[in-house]
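Each chain gets a letter, A, B and so on, in the order its sequence line appears, and its residues count up from 1.
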Amino acid sequence: MKRSEYNIKEIENKWKKRWKDENLYRTDITSKKNKYYVLDMFPYPSGAGLHVGHIKGYSATDIVARYKRLKGFEVLHPMGWDSFGLPTENFAIKTGKNPNIVTEENTSEFKKELINSGVGIDWDREITTSDPDYYKFNQIIFLKLYKKGLAYKKKSPVNWCPSCKTVLSNEQSVGGICERCDSKIEIKNIDQWFFKITDYADRLLNDNKNLDWPESTKKMQEKWIGKSIGAKIKFKLKDLDKSISIFTTKPETIYGTTFIALAPENKSLDNLFDSNTKKAISEYRKNLTPQSEVERKKDVKTGVFTNLYAINPTNNEPIPIWVADYILMEYGTGAIMGVPAHDKRDMLFAQKHNIKIEYVLNEKKPYEKSIMIKSDYKGMNVSEARKNIVESIKDAEWTTQYKLRDWLISRERFWGTPIPIIYCKNCGEVPVDEKDLPVLIPDDIDDYRPTGKPPLEKSKKFTNVKCPKCKGKAKREAKTMDTFVDSSWYFLRFIDNKNTKSIGNKEYINHWLPVDLYIGGNEHAVGHLLYSRFITKFLYDEKILNFDEPFTKLRHQGLIYGEDKRKMSKRWGNVVTLKFAIEEYGADAIRMYEMFMAPFKQYSSWETRSIIGINKFLTRIWNLQYITSKSKNNEEDFLTNELIKTIENNIEKGKYNICVSEYMKYVNRVEELNSITKENLEKFLIILSPYAPFITEEIWEKIGNTYSIHKSKWPEILNIENKNTHILIPIQINGKFRGEIYIEKDSPEEIVLNKVLDDNKLKEKIKNNEIKKVIYIKNKILNIVI
RNA sequence: GCUGGGGUGGCGGAAUAGGUAUACGCGACGGACUUAAAAUCCGUUGGAGCAAUCCAUGCGGGUUCGAUUCCCGCCCUCAGCACCA
């Protein structure tokens, strides 16, 4: 055969065009074949473009998708754009450029680079969340939640900069100071929209048990939901006809309660304060430590005495009531019983404010093993005492608390989904009629700068509307939705993305979902993944879906750091763009390299010299076509068959790095043999094609096969025996490796042992020592104990 | 502090129903080809030692004929969470 050069650019350009023109990766949603749905967390199309780290996850999903296609599955591997959000809006603020145009430019660049990388996407299913055809369904889901009382409005504290007149995120208000103008931030209560995810707390907590997710991710969600069981206990106030409720998970320590502390926001006793106390407390509340500084001042527990006392229900002792900012209003009842002896924080508080410390139990290593040393329950262990105490106190009841809070979904931002609510003077809060959706982002705004009011309010034609009920004058809600709403259901939309009437054809959605394999970064362990589970469960309850968990199997990819082992960032100047890398080394090399460099889930650093090694390897693969031979070879058949097994196994396990080294070992051996049959080369190309789709397609064609290798079949695993009759096995003496000998396969122990005793070198080592024991594992090892 | 990962050559990393530790690759060194270089190819490459051999999978114990793998006790490191009563 005439030799030709491995011309990367020519090959990659040729095939990416043909695959696109002929729609090679189209998914037939109506197919009767077994389905496989593999999904990437869809990207935010930023102006910075993709760097080599982004393609790691997409390469892995593409490998799995191609592998499953070859195995006969109908595969769905779609892609879309999470295009609403701050960076685009900020870019618009800076440049005055319309966010729609910015998004369009960015997504088309992203798409081009994915195609260049050889990722096999069915682009007819592309979705863009800032597209009205998409965000219409955000609004529909909102309305469904609203109808069920799961979307509601309430006043909620936000970080407010009085000088910029804008709401700030926690990140923008570090240290209680505005990021832009250095003014002191205030806490302001304004109307906000929430989704009532707390109604689903228990299901979100319990249903993760059967999911094939990383244990750490499941744990993080469990912690985030934070279920704890305890008691709500009422403490009567001394000399007053009033009581205060506290929540505790350790009711058994109630005998050690030496104070009560209220959250600063807890106003339930305000009208009982005398005038001096009132002054002191309002002063205290004004000077509250901003949330972000709490961390630093953790060991300083400030508070103010209220001059009021409560009665400990177990012994009728009066105990002082304080207001302290280490108590959170949002958790429990916004009040605690302070037990300094058995709680670190209470201890710090008591020490600072000279409050009595009363030990009631003898604390042991696992807390549950502690023993009561005081009270009627002296000598009892914690769990017994706990049960008895809660039952004996009249004003106590068991209760469950969660850390999970409702999902705040409203934003005073331009570039997001408008919330479909109208405010009417007569009818109040009125939901927009479904037939009037989508509520579009107005097109008559060209100044996106924040003014303290939601930007959409600037558009008169948007804001001033008729009430859907009474047709009177009304105003539209101008807040937009959190972008996590967009991503909480996008995986449903790929099935039937052109459907304008519903999220998609129910039958097909229920056939294709849940997602079989979901890959993305672990930074979404709680946010996106929890919200998606919530919305899925809600749509299940609405009988739209017949499954209530969206992602059966989840895996996280580790980040790729820069060559300097720092996170890739403009700041360090260590970013390797995908565009550059493909230009320089080719897509096949980038893909193989990223799979090879480290275990998939592990962080690793880019190393240019290593990718060159992969390039050499691809060239050697290219040259295999010139050593094809007709002569059959048992070893070659055997190795090919073994390789198929190994690759299959490791793709299923997600051990992509092992696959690459196995390909290398195979090629090393074939080169040694200096021959490969056409049949084995074809098999090798097929099983390599998920990793290196371009070069394999080209060689496939060159050795006379019909288009396309990606539509061929994964080779069967055959029952091929290695015909070598002799094998080399290691010999140990006292567990240490001392040599190896050739034996006939399946030889019994005596024969092997005799061979060892015949071997001059080994015989020498045993010498006159008595052989105490021989351990022989057939075809594997022989150990002689002397 | 809590939760979850990790500690194996100069580097990225293999190997766990206990069975030749360091596969595969990078780098390095030596050689071939070349006027020369690049590319390519062939060797060598955990440490010590002339050698037999000894020592090495974070540290210390244990179980076992045999431990990177299992058990007990530590150390270090990365990531996430963190005043949640």
Side-chain angles (χ1 to χ4, degrees), chain A residues 214-220 222-228 230-231 246-251 253 261 263 289 291 294-295 297-301 324-339 342-346 348-349 401-405 522-523 525-526 556 558-559 565 592-593 596-599 601-614 616-617 619-620 623 655 657-668 671 728-740 761 764-765 771-777 779-786:
Chain A
E215 213 46 48
S216 57
T217 305
K218 290 198 208 176
K219 272 271 155 57
M220 267 193 233
E222 284 169 22
K223 284 206 84 172
W224 188 259
I225 295 165
K227 182 177 183 170
S228 46
I246 61 93
F247 172 75
T248 176
T249 53
K250 297 181 187 172
T253 62
T289 322
Q291 271 301 303
V294 166
E295 182 55 22
K297 300 200 163 169
K298 220 163 147 179
D299 46 347
V300 184
K301 300 266 180 271
D325 75 342
Y326 79 95
I327 312 305
L328 308 173
M329 190 61 208
E330 314 84 60
Y331 188 75
T333 60
I336 59 128
M337 59 181 213
V339 187
H342 304 294
D343 183 285
K344 246 190 240 161
R345 296 149 302 173
D346 295 349
L348 284 166
F349 188 80
Q401 284 293 329
Y402 298 91
K403 287 188 202 173
L404 183 70
R405 310 209 194 130
N522 60 2
E523 67 274 17
V526 278
H556 301 302
L559 285 180
K565 305 196 174 190
M592 286 267 249
Y593 168 61
F596 182 56
M597 63 200 294
K601 67 175 179 192
Q602 193 172 303
Y603 287 51
S604 51
S605 315
W606 184 262
E607 222 178 61
T608 296
R609 64 185 188 196
S610 295
I611 196 168
I612 290 166
I614 297 284
K616 288 181 194 168
F617 177 59
T619 307
R620 286 162 61 203
N623 290 331
K655 293 187 159 189
N657 55 331
I658 305 302
C659 290
V660 179
S661 62
E662 291 299 327
Y663 294 132
M664 287 172 170
K665 281 186 202 169
Y666 180 82
V667 172
N668 285 349
E671 282 180 347
L728 203 56
I729 71 159
I731 306 301
Q732 292 184 335
I733 294 169
N734 288 339
K736 284 193 174 164
F737 174 67
R738 281 292 179 262
E740 37 192 11
K761 231 173 114 193
E764 173 66 16
K765 290 182 191 342
I771 295 180
K772 290 180 188 143
K773 199 172 170 185
V774 175
I775 291 117
Y776 176 61
I777 293 158
N779 299 334
K780 206 148 195 196
I781 199 163
L782 183 94
N783 186 14
I784 298 166
V785 184
I786 54 176

Answer whether the closest heavy-atom distance between the side chains of A:Asn657 and A:Lys655 falls below 4.5 Å. yes
Would A:Met337 and A:Thr253 count as a side chain to side chain contact (heavy atoms under 4.5 Å, CB included) here? Give the steps. CA-CA 9 Å; A:Met337 59 181 213; A:Thr253 62; 3.5 Å; yes
A:Tyr593 has an atom OH; how far is it from atom C1' of B:G25, in whole Å? 10 Å
Rounded to the nearest angstrom, tell me the gap between atom NZ in A:Lys601 and atom P in B:G4. 14 Å
Could you go through the side chain to side chain contact (heavy atoms under 4.5 Å, CB included) check for A:Val660 and A:Met597 one step at a time? CA-CA 10 Å; A:Val660 179; A:Met597 63 200 294; over 6 Å; no
Under 4.0 angstrom, heavy atoms only, what part of the nucleic acid is A:Ser216 near: base, sugar-phosphate, or nothing? sugar-phosphate
At 4.0 Å (heavy atoms only), tell me whether A:Asn668 reaches a base, stays on the sugar-phosphate, or touches nothing. sugar-phosphate
Rounded P spacing from B:G25 to B:C74 in Å: 42 Å
So which heavy atom on A:Asn783 is nearest to which on A:Gly735, and how close? OD1-N, 3.0 Å
Is there a donor and acceptor pair, one atom on the side chain of A:Lys301 and one on the base of B:C83, closer than 3.5 Å? yes
Dot-bracket for RNA chain B, 5' to 3', with Watson-Crick and G-U pairs under 3.5 Å, [ ] for crossing pairs and | for other-strand pairs: what is it? (((((((..(((......[....)))((((((.......))))))(((....)))..(((((..]....))))))))))))....
Nearest whole Å is fine: how far is B:A82 C1' from A:Leu404 CG? 16 Å
To the nearest 0.5 Å, what is the distance between CG on A:Leu728 and CG on A:Asn779? 12.0 Å
Minimal non-hydrogen separation, A:Tyr593 against A:Ser610, with atom names: CE1-CB, 3.5 Å
Would you mind classifying the nucleic acid contact of A:Pro599 as base, sugar-phosphate or nothing, using non-hydrogen atoms under 4.0 angstrom? sugar-phosphate
Once you measure the plane-to-plane angle for A:Phe349 and A:Tyr326, does it fall in the parallel (<30°), tilted (30-60°) or perpendicular (>60°) bin? tilted
With syn defined as a glycosidic angle within 90° of 0 and anti as the rest, where does B:G46 land? anti
Base, sugar-phosphate, or nothing: which does A:Lys772 touch, judged by heavy atoms less than 4.0 Å apart? nothing
Counterpart residues, side-chain hydrogen bond (donor to acceptor under 3.5 Å, both in side chains), relative to A:Tyr402 (two or more places apart): A:Asp202
Protein-to-nucleotide contact annotation, 5' to 3' order, nucleotides 16-21 of chain B [B base; S sugar-phosphate only; - none; under 4.0 Å, heavy atom]: ---BBS
What are the two closest non-hydrogen atoms of A:Gly332 and A:Phe247, and how far apart are they? CA-CB, 4.1 Å
Which residues pass the salt bridge (charged side-chain N to carboxylate O under 4.0 Å, His left out) test with A:Glu607, sequence neighbours left out? A:Arg609
For the pair made of CE in A:Met664 and C1' in B:G13, what is the distance, rounded to whole Å? 12 Å
Measuring only the P atom in each nucleotide, how far is B:G43 from B:C50? A whole number of Å is fine. 27 Å
Atom CD1 of A:Ile614 and atom P of B:C24 are separated, to the nearest Å, by 14 Å
Nearest-angstrom distance, C1' atom, B:U20 to B:C65: 16 Å
Rounding to the closest angstrom, what is the interatomic distance between B:C41 and B:U34 at atom C1'? 13 Å
With the criterion being N/O to N/O and under 3.5 Å, what pairs connect the protein with nucleotides 7-12 of chain B, and how long is each?
residue	atom	partner	partner atom	Å
B:G12	O2'	A:Met597	O	2.4

Check the distance between B:C26's P and A:Asn657's CG and give it to me in whole angstrom. 16 Å
Per nearest nucleotide of RNA chain B, the residue lying toward the 5' end, A:Arg620 or A:Trp224, is A:Arg620
Atom pair distance, as rounded to whole Å: NE2 in A:His342 and C1' in B:A85: 14 Å
With side chain to side chain contact (heavy atoms under 4.5 Å, CB included) as the criterion, how do A:Ile336 and A:Asp346 come out once you've worked through the C-alpha distance, each side chain's angles and the decisive distance to 0.1 Å? CA-CA 10 Å; A:Ile336 59 128; A:Asp346 295 349; 3.5 Å; yes
Has A:Lys773 got a side-chain N or O lying under 4.0 Å from the OP1 or OP2 atom of B:C65? yes
Heavy-atom closest pair (A:Glu740 atom, A:Pro730 atom, distance to 0.1 Å) is CB-CA, 4.1 Å
Considering only the C1' atoms, how many Å lie between B:U69 and B:U16, rounded to the nearest integer? 4 Å
Roughly how far apart, to the nearest Å, are B:A67 and B:A15 at atom C1'? 13 Å
Heavy atoms only, 4.0 Å cut-off, all strands: where does A:Gly613 land among base, sugar-phosphate and nothing? sugar-phosphate
Does B:G5 have its OP1 or OP2 closer than 4.0 Å to a side-chain nitrogen or oxygen of A:Asn522? no
Should A:Lys223 be listed as having a side-chain N or O under 4.0 Å from OP1 or OP2 of B:C81? no
With a 4.0 Å cut-off, would you call A:Lys219 and A:Glu222 a salt bridge? no
Note: A:Thr333 and A:Ile246 closest approach over all heavy atoms is OG1-CA, 3.3 Å
For the residue pair A:Ala263 and A:Leu328, what are the closest heavy atoms and their distance? CB-C, 3.9 Å
Under 4.0 Å between a side-chain N or O of A:Thr619 and OP1 or OP2 of B:U40? no
Integer-rounded Å distance: B:A82 P and A:Tyr331 OH: 14 Å
Expressed as a whole number of Å, how far does the C1' atom of B:C29 sit from that of B:G80? 45 Å
Show the distances under 3.5 angstrom between N or O atoms of the protein and N or O atoms of nucleotides 45-53 of chain B.
residue	atom	partner	partner atom	Å
B:U53	OP1	A:Lys765	NZ	2.9

One should read off an interatomic distance between A:Ile784 CD1 and A:Arg738 CZ, to the nearest 0.5 angstrom, of 11.5 Å
Between A:Glu330 and A:Glu662, which has a closest nucleotide on RNA chain B that is more 5'? A:Glu662
Evaluate side chain to side chain contact (heavy atoms under 4.5 Å, CB included) for A:Lys250 paired with A:Val339, printing each intermediate quantity in order. CA-CA 10 Å; A:Lys250 297 181 187 172; A:Val339 187; over 6 Å; no
Base, sugar-phosphate, or nothing for A:Ser605, non-hydrogen atoms under 4.0 angstrom? nothing
Using atom P in both nucleotides, what's the gap between B:A48 and B:C2 to the nearest angstrom? 43 Å
Within the structure shown, what part of the strands sits under 4.0 Å from A:Lys344 by heavy-atom distance: base, sugar-phosphate, or nothing? nothing
